[in-house]
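First up is the structure itself, then whatever we jot down about it.
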Amino acid sequence: MASTPAPPQAPPKPTWDPRRPAPPLPWLRPTIRIRLTLLYGGMFLIAGILLLSIIYLLAANALNVGSNLPFKIVSGGVTSDVCKLSGSPLQADELNNALNQCVNDQRQHALDNLLSRSLLALLGLAIIAFAFGYAMAGRVLSPLGRILRTARSVAGSDLSRRIELDGPDDEIKELADTFDDMLERLERAFTAQQRFVGNASHELRTPLAINRTLLEVHLSDPGAPVELQQLGKTLLATNERSEQLVEGLLLLARSDNQIVERKPVDLAEVAEQAVDQVHGEADAKGVVIRGDRKTAVVQGNGVLLERIALNLVQNAVRYNVPEDGWVEVSTEVQHGHAVLTVSNTGPVVPAYEVDNLFEPFKRLRGADRTGSDKGVGLGLSIVRSVARAHGGHITAQPREGGGLVMRVTLPV
């Protein structure tokens with residue numbers, strides 16, 4: 001008869017626990033409160049021990065001096081260098097009173113000496129404690145300085161920076177890690193937004209280019225009816241504005257990042273090139289362009305900086321008065337910064353409407369600017385974006401009598 005097979009043995013239990021280790025008790029965690037408590041408590045304990053030791057040594061020295069008799073008996077008389085005693089014989093009562101007074105004077109002298117030396121020791125320890133506390137506070141708060149520097153760098157549009165703080169798992173490290181996670185999400189969001197704008201702009205270029213080509217071909221036909229030619233010119237102008245809008249969106253998305261490759265660029269040359277490009281349009285509108293352009297070299301991208309000057313000068317010429325208008329373009333270096341200033345005559349601009357000028361597709365009083373024949377509504381938005389990418393900024397101020405004063409400030 002065949003034997004029944006034995007049941008399979010249970011697998012051996014693992015000798016290690018795959019579960020995550022339990023976190024330490026909250027009161028054992030090296031939080032910043034516990035660290036500061038231990039630090040300043042230890043400093044107070046060390047300072048107290050030093051102060052007690054110094055006082056003990058001073059007191060021992062004072063008692064040693066005070067234990068010596070302050071008088072000396074000489075041939076039935078008493079003399080002293082400390083007390084006012086004469087060497088002549090005295091009565092018993094007079095002698096005892098004089099000796100007691102001498103001992104009290106010696107004790108008071110020793111106490112006064114102990115107090116003065118203790119105060120000097122306390123002053124010295126206070127100076128040492130303040131210096132040591134200042135150094136230790138700087139060491140403890142150094143991670144906050146690192147977080148602050150990273151935040152300032154991020155404020156300059158550099159979202160790629162991270163704190164990556166090392167050290168004990170305390171509140172400051174939690175703050176740094178949370179800040180890093182927030183920067184990671186912000187960078188992904190901004191990158192996705194810029195990628196979408198860039199891809200959309202590139203995708204729109206092809207059909208716009210095809211439309212322009214077809215319209216130009218039909219307009220080149222001399223036998224086309226006048227109505228058809230007029231319609232073609234209107235559609236061509238609309239297509240051209242759409243192409244400018246796409247180019248502006250692409251440039252706006254590209255200029256939102258920090259400029260990685262920087263080269264010396266003279267703002268005076270950039271302004272001269274912008275004036276040359278707008279000179280024909282200014283002559284047609286009767287606008288005079290003037291200004292003193294001094295050398296102001298900055299580190300940046302020449303193409304983007306030229307776009308700043310071109311957009312400002314174009315706006316100053318297009319949004320001007322019908323007669324006797326002028327535009328002043330100047331460059332200079334002020335307080336370690338290169339300054340490009342473009343001022344013009346034009347309509348009166350309320351001060352509360354100035355901020356709206358830098359918003360995309362916005363004109364004064366919140367009207368839509370996409371239908372204007374003077375631009376696509378991205379000029380000043382691009383200027384602000386490019387200035388920020390170069391670590392600078394742009395300000396606008398209304399002029400008395402009408403017009404604006406645009407001032408772009410860039411680090412040298």
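- A 4.5 Å side-chain heavy-atom check between His218 and Leu228 finds every atom pair outside the cut-off.
- Of the possible donor and acceptor atoms, one in the side chain of Thr345 sits under 3.5 Å from a partner among the backbone N and O of Trp326.
- Between atom CD1 of residue Ile394 and atom CZ of residue Arg384 there is a gap of 9.0 Å, rounded to the nearest 0.5 Å.
- Remark: side-chain polar atoms of Ser385 are not paired, donor with acceptor, to backbone N or O of Ser381 under 3.5 angstrom.
- To the nearest 0.5 Å, the span separating NE2 on His390 from CD on Gln299 amounts to 10.0 Å.
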Donor-acceptor pairs under 3.5 Å, side chain of residues 395-411 to any protein atom, not counting sequence neighbours: which ones?
| from | atom 1 | to | atom 2 | distance (Å) |
| --- | --- | --- | --- | --- |
| Arg399 | NH1 | Asn344 | O | 3.4 |
| Arg399 | NH1 | Gly402 | O | 2.7 |

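- When all heavy atoms are compared, the tightest approach of Ala282 to Ile289 is CB-CD1, 3.8 Å.
- Salt bridge present: Lys173 and Asp177 bring a charged side-chain N and a carboxylate O closer than 4.0 Å.
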* Asked: Hey, mind stepping through Val217 and Leu214 against side chain to side chain contact (heavy atoms under 4.5 Å, CB included) and telling me if it holds?
  -> CA-CA 5 Å; Val217 170; Leu214 293 176; 5.7 Å; no

With a 3.5 Å cut-off and sequence neighbours excluded, list the donor-acceptor pairs that the side chains of residues 265-276 form with protein atoms.
| from | atom 1 | to | atom 2 | distance (Å) |
| --- | --- | --- | --- | --- |
| Asp266 | OD1 | Ala268 | N | 3.1 |
| Asp266 | OD1 | Ala296 | N | 3.0 |
| Glu272 | OE2 | Arg293 | NE | 2.8 |
| Glu272 | OE2 | Arg293 | NH2 | 3.4 |

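- Side chain of Asn320 to backbone of Ala316: a donor-acceptor contact under 3.5 angstrom is found.
- With rounding to the nearest 0.5 Å, the separation of CG in Asn315 from CG in Leu310 is 9.5 Å.
- Interatomic distance, CG of Asp181 versus CG of Leu186, reported as 11.0 Å (0.5 Å rounding).
- Looking at every heavy atom in both residues, Ala387 comes nearest to Ile308 through N-CD1, 3.9 Å.
- Across Thr295 and Val297, no two heavy atoms sit closer than the pair CG2-CG2, 3.9 Å.
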* Asked: Hey, mind stepping through Gln277 and Gln314 against side chain to side chain contact (heavy atoms under 4.5 Å, CB included) and telling me if it holds?
  -> CA-CA 9 Å; Gln277 296 183 45; Gln314 280 182 343; 5.9 Å; no

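- Using a 4.5 Å heavy-atom cutoff, the side chains of Arg307 and Asn311 are in contact.
- Distance check: Ile210 CD1 to Leu215 CG gives 12.0 Å after rounding to the nearest 0.5 Å.
- Lys233 is listed as a side-chain neighbour of Leu219, based on a closest heavy-atom distance under 4.5 Å.
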* side chain to side chain contact (heavy atoms under 4.5 Å, CB included) assessment of His337 paired with His393 -> CA-CA 11 Å; His337 289 80; His393 61 276; over 6 Å; no

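- The minimum heavy-atom distance between Arg212 and Leu236, with the atom names listed, is CG-CD1, 3.7 Å.
- Taken from CG in Leu235 to CD in Gln230, the straight-line distance is 10.5 Å, to the nearest 0.5 Å.
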